[in-house]
Amino acid sequence: MSADHDVSFLKPVGDYGQGGVFSAQWWRGFTTDFWRWATTLDHKKIGVMYLCATLFAFFLGGVAALMLRAELFEPTITQQVTDAAGNVVTKTTGELFPGWQSTQGTVTTNNFYNRLFSLHGTLMVFLFIIPAVPAAFGNIFLPIMIGAKDVAFPRLNLMSWYIYLFGGIFAVYSLIAGGVETGWTFYTPYSTSTQWGSVTSMVLGAFILGFSSILTGMNFIVTVHKLRAPGMGWFDMPLFVWAAYATSIIQVLATPVLAITLLMIVFERTFRVGVFDPALGGDPVLFQHFFWFYSHPAVYIMIVPAFGIVSELIAVHCHKRLFGYKAIAFSSIGIAAVSFLIWGHHMFTAESPAANVIFSALTFLVGLPTAIKVFNWVATMYKASITWNTPMLYAMSFLFNFTIGGLTGPPLAVLSTDIHLHDTYFVVAHFHYVMMGGSVIAVLGALHHWWPKFTGKMYNDKAARWMAVLVFVGFNITFFTQFFLGTHGMPRRYATYVPEFTHLHQISTIGSWVLAVGLFGHLLIFAQSLVGGRPAGRNPWGGLTLEWYTDSPPIEHNFPHEPMLTHGPYDYDLVVPPGWDPADYPLPDPETVRKAHGH
Amino acid sequence: MTTVPVNMTKKPEPHETYVHGHHWRSAEDEKDAAKLGMWLFLGTEALMFSGFFCAYAVFRMLYFDTWHESSKYYLNWKIGGFNTLVLLISSFTIVQAIRGAQLGRKMMAFWYLAATNVCALTFLVVKLGWEYLPKIQKGELPGGFFTYGHGPAGTTHDQVFLGIYWVATATHGLHVLIGVFIIGWCMIRTMKGHFGPKNYMFLENTGLYWHIVDIIWIFLFPMLYLVG
Ligand code: HEM
Ligand SMILES: [Cu+2]
């Protein structure tokens with residue numbers, strides 16, 4: 001092994017010279033490094049590229065969301081009024097986006113609104129949250145956490161990154177070339193018959209993104225099976241690895257069905273196959289079955305890795321052995337299994353009563369493994385010496401929001417209530433509590449938890465804590481109001497509403513601004529950290545999993561020697577964390593630790 | 001006179017000097033992993049086609065008579081049967097090719113791969129020439145492009161049957177075509193000496209891929225041509 005393998009994976013190797021950005025030498029150096037990154041087989045570099053791309057998608061989707069909320073600040077009202085000259089004129093108020101003429105006809109405000117929420121949904125689901133945790137954090141940390149040098153198939157890994165980029169380009173192209181108005185669910189027959197916009201290329205984009213997701217999942221499954229460090233049994237794996245493993249199984253089993261479903265839409269639109277088109281004898285509800293057979297498990301692709309993150313956050317920042325390790329590990333697998341049996345709960349208004357009863361009953365099952373996790377996390381925190389830093393605040397934020405999101409699931413799974421709540425803002429609030437309040441909050445927690453590890457820099461924790469509070473408050477103002485809107489009958493996916501809803505909508509929109517300020521604040525804090533953050537030690541938080549044993553940032557091959565496992569991932573009562581530096585964090589008083597573990 | 005040992009006179013073939021990837025503990029681990037990965041991939045393929053099978057089953061239930069009549073009217077089981085036979089033979093030949101690599105008999109591997117590709121191309125030619133082309137000429141096309149006014153009496157939804165027939169067999173045909181290229185690539189690598197007793201991983205995985213392509217056809221054939 002040559003010496004340059006022992007340096008940080010982020011260190012540039014190009015010769016940039018002294019001339020600055022405008023010298024030819026600088027560009028030669030830059031080109032060297034650019035190609036090194038573009039052709040890298042290093043899982044950490046691929047993960048960092050995924051992280052940048054997914055966060056960019058999050059930014060674009062977020063801008064769309066702010067625009068949606070802005071449009072909803074006031075209801076659109078068209079009335080006949082008498083103007084100053086005494087003429088009766090038609091006047092419209094409360095429209096934020098004016099319509100315009102396009103090559104395909106008039107684009108009204110409503111059309112534009114439809115495009116925006118479709119853009120928001122597809123970007124957030126397919127380009128951000130599905131790849132963010134598995135492909136970004138999974139790639140950077142999964143191999144390190146099991147003590148491997150790389151994932152099982154590094155070349156396949158690079159390929160799936162380029163497939164992701166390619167799919168992303170398709171999606172962005174579709175948005176520029178007319179957009180789609182179908183929502184992220186692409187329901188037929190609208191999606192197969194509409195002549196508006198660029199449904200075909202958007203659906204193809206999602207199809208391609210699906211491949212990237214399948215390949216990453218396959219890679220991780222094999223990695224976990226075959227590349228664990230010597231001495232690491234299944235139950236010595238960190239829970240993040242368990243969660244990534246369960247997620248990968250769902251990705252591999254569910255995504256092919258989405259692939260074929262989306263391909264059928266493309267066939268419908270290009271070859272007019274008619275399998276989903278009632279005008280040709282096809283069955284649109286069949287599409288819904290296919291779609292949700294993937295997309296219900298897909299909501300667990302989004303949340304299960306977040307469970308893994310939260311387990312790490314709570315164990316490390318409580319400095320305590322996780323309560324119920326096996327229960328948490330197996331409940332991930334349990335969720336993965338149950339998730340394939342309950343897709344029909346999205347179609348209570350479209351399927352037979354018998355199917356409804358079965359799917360409703362099965363849906364309640366998924367609450368069990370989920371609740372097991374929440375109780376175990378809370379039990380871990382009991383009597384622990386908790387360090388209240390940003391990652392821990394995010395773990396708390398997750399527990400609060402996710403519990404609300406989870407508990408609003410059952411009212412939707414009950415047939416008699418779902419009839420009223422289906423397609424209202426209640427559903428919107430429910431899934432934002434789990435997906436934003438759960439997954440996105442966990443991603444933010446993971447960013448703050450692992451930032452020092454993969455960038456080697458600390459950030460301003462105090463400022464970040466304030467931003468975490470802003471995000472929490474802003475999120476809850478934005479979405480809690482939507483439960484009320486939903487129970488009062490506000491339907492989802494409309495650009496306007498009756499004036500009675502104005503107050504609640506305005507509160508929600510103001511909340512979205514608070515949220516945006518918080519997120520933007522995080523961005524600034526991270527930027528400051530990159531430029532002027534103080535160097536992070538190996539183990540700034542006192543973790544016991546293997547990533548804390550290597551340098552920050554990790555070296556090219558992760559570890560100088562293959563690590564030998566000598567203790568479990570959460571043996572806080574038995575070992576002092578590696579590389580412990582009292583300047584980074586005070587070690588909890590041994591007496592407290594002893595008591596907390598009930599010795 | 002001293003003789004030079006035979007194996008020192010000739011340059012070693014690439015497969016004889018094969019080293020496993022740096023992140024693996026052993027070549028054995030690497031091979032196991034590649035196989036596990038391939039099996040997972042086969043699973044995704046099967047799941048993908050299961051979409052067609054589900055659609056087929058649902059519509060067969062909805063339009064039973066159409067399914068029954070259309071299958072007999074539009075599809076010729078003899079052509080389908082011939083193609084089934086061709087694919088079965090190709091499954092055998094590719095296994096022999098892997099055997100050739102395992103035994104270190106380069107030419108055996110090469111010619112069996114070639115035979116596999118002949119079968120694959122036969123399948124495609126028969127499919128295009130004797131099925132797709134006449135169907136296109138007669139307007140027996142899917143859904144919206146279907147020419148009404150002919151077809152078996154008493155059926156109502158021929159276009160849906162043909163819709164599923166076209167998408168399922170075309171997607172399968174695409175897999176055969178991709179197989180042709182991968183097997184061709186294997187032939188080139190065989191001639192370059194990449195495969196031998198110590199390293200036949202890629203060849204074996206190609207074989208697995210080819211088997212799943214065959215198996216999917218083994219399901220499609222009776223469903224479309226025989227049961228209807
Ligand atoms: C206890 C657990 C849960 C239960 C019982 C549950 C139940 C439901 C039900 C019945 C619906 C359909 C409502 C309707 O359309 O009328 C729904 C919608 C939804 N749920 Fe959940 N859910 C749970 C957890 C989750 C989680 C963890 C996520 C994601 C991370 C999630 C994401 C969604 C999404 C995205 C939708 C709406 C999809 C759409 O129509 O666009 N749910 N949920
Ligand atoms: Cu669901």
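Throughout, a chain's letter reflects where its sequence line sits, starting with A, and its residues are numbered from 1. Treat the numbers as computed from the prediction; the structure is a model and nothing was measured.
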Please state whether the side chain, the backbone, both or neither of A:L258 comes within less than 4.5 Å of a heavy atom of chain B. neither
Which atom names give the shortest non-hydrogen contact between B:M48 and A:A259, and what distance separates them? SD-CB, 4.5 Å
Counting C-beta onward and ignoring hydrogens, is there a side-chain heavy-atom pair between B:T44 and A:T255 closer than 4.5 Å? no
Within 6.0 Å of NZ in B:K135, more than 12 heavy atoms from elsewhere: yes
Against chain B, label A:A148 side chain, backbone, both or neither, depending on which of its atoms sit under 4.5 Å from a heavy atom there. neither
Residues B:G51 and A:I260: closest non-hydrogen pair is CA-CG2, 3.9 Å
Which bit of B:F41 is near chain A, if near means a heavy-atom gap under 4.5 Å: side chain, backbone, both or neither? both
Is it the case that atom CZ in B:F202 sees more than 12 heavy atoms from other parts of the structure closer than 6.0 Å? yes
Minimum heavy-atom separation for B:V160 to A:G282, with atom names? CG2-N, 4.4 Å
Can you name the closest pair of heavy atoms from A:M264 and B:A55 and give their distance? CE-CB, 4.3 Å
Report the C-alpha separation of B:C54 and A:F290 in whole Å, then their side-chain angles, then the decisive distance to 0.1 Å, and conclude whether the side-chain contact (heavy atoms from CB on, under 4.5 Å) test is met. CA-CA 9 Å; B:C54 280; A:F290 278 10; 3.8 Å; yes
For B:F181, does the CZ atom have more than 12 heavy-atom neighbours from other residues, nucleotides or ligands under 6.0 Å away? no
Interface residue of largest heavy-atom contact number with chain A, from B:V167, B:V58, B:L162, under 4.5 Å: B:V167
Tell me, for A:E268 versus chain B, whether the close heavy atoms (under 4.5 Å) come from the side chain, the backbone, both or neither. neither
Side chains of B:W24 and A:K149, heavy atoms from C-beta outward: is any pair under 4.5 Å? no
Does B:H23 have its ring centroid less than 6.0 Å away from the ring centroid of A:H557? no
When you compare the side chain of A:I221 with that of B:L40, does any pair of heavy atoms fall below 4.5 Å? yes
Counting heavy-atom pairs under 4.5 angstrom with chain A, the leader among B:S50, B:A33, B:P142, B:A34 is B:A33
Does atom OH of A:Y187 have more than 12 heavy-atom neighbours, drawn from other residues, nucleotides or ligands, at distances under 6.0 Å? yes
Begin with the C-alpha distance, continue with both residues' side-chain angles, and end with the deciding distance and a verdict on salt bridge (charged side-chain N to carboxylate O under 4.0 Å, His left out) for B:R25 and A:E562. CA-CA 10 Å; B:R25 258 167 244 126; A:E562 183 170 54; 2.8 Å; yes
State, to 0.1 Å, how close B:L47 and A:L253 come at their nearest heavy-atom pair, and which atoms those are. CD1-O, 3.3 Å
Which distance, rounded to the nearest 0.5 Å, do you find between the CZ of A:F267 and the CD1 of B:I164? 12.5 Å
Is it true that, when you exclude B:Y18 itself, more than 12 heavy atoms of the residues, nucleotides or ligands shown sit nearer than 6.0 Å to its OH? yes
Might you confirm whether atom CH2 of A:W234 has over 12 heavy atoms from other residues, nucleotides or ligands at distances under 6.0 Å? yes
I'd like to know which of A:T223, A:V252, A:D277, A:V257 tops the heavy-atom pair count under 4.5 Å against chain B. A:V252
Donor-acceptor pair, distance only, cut-off 3.5 Å: does the side chain of A:K226 make one with the backbone of B:D32? no
Tightest non-hydrogen contact, residues B:F59 and A:L286, listed as CE1-CD2, 3.7 Å
Exam field: side chain B:Q159 to backbone A:G274, donor-acceptor pair closer than 3.5 Å: no
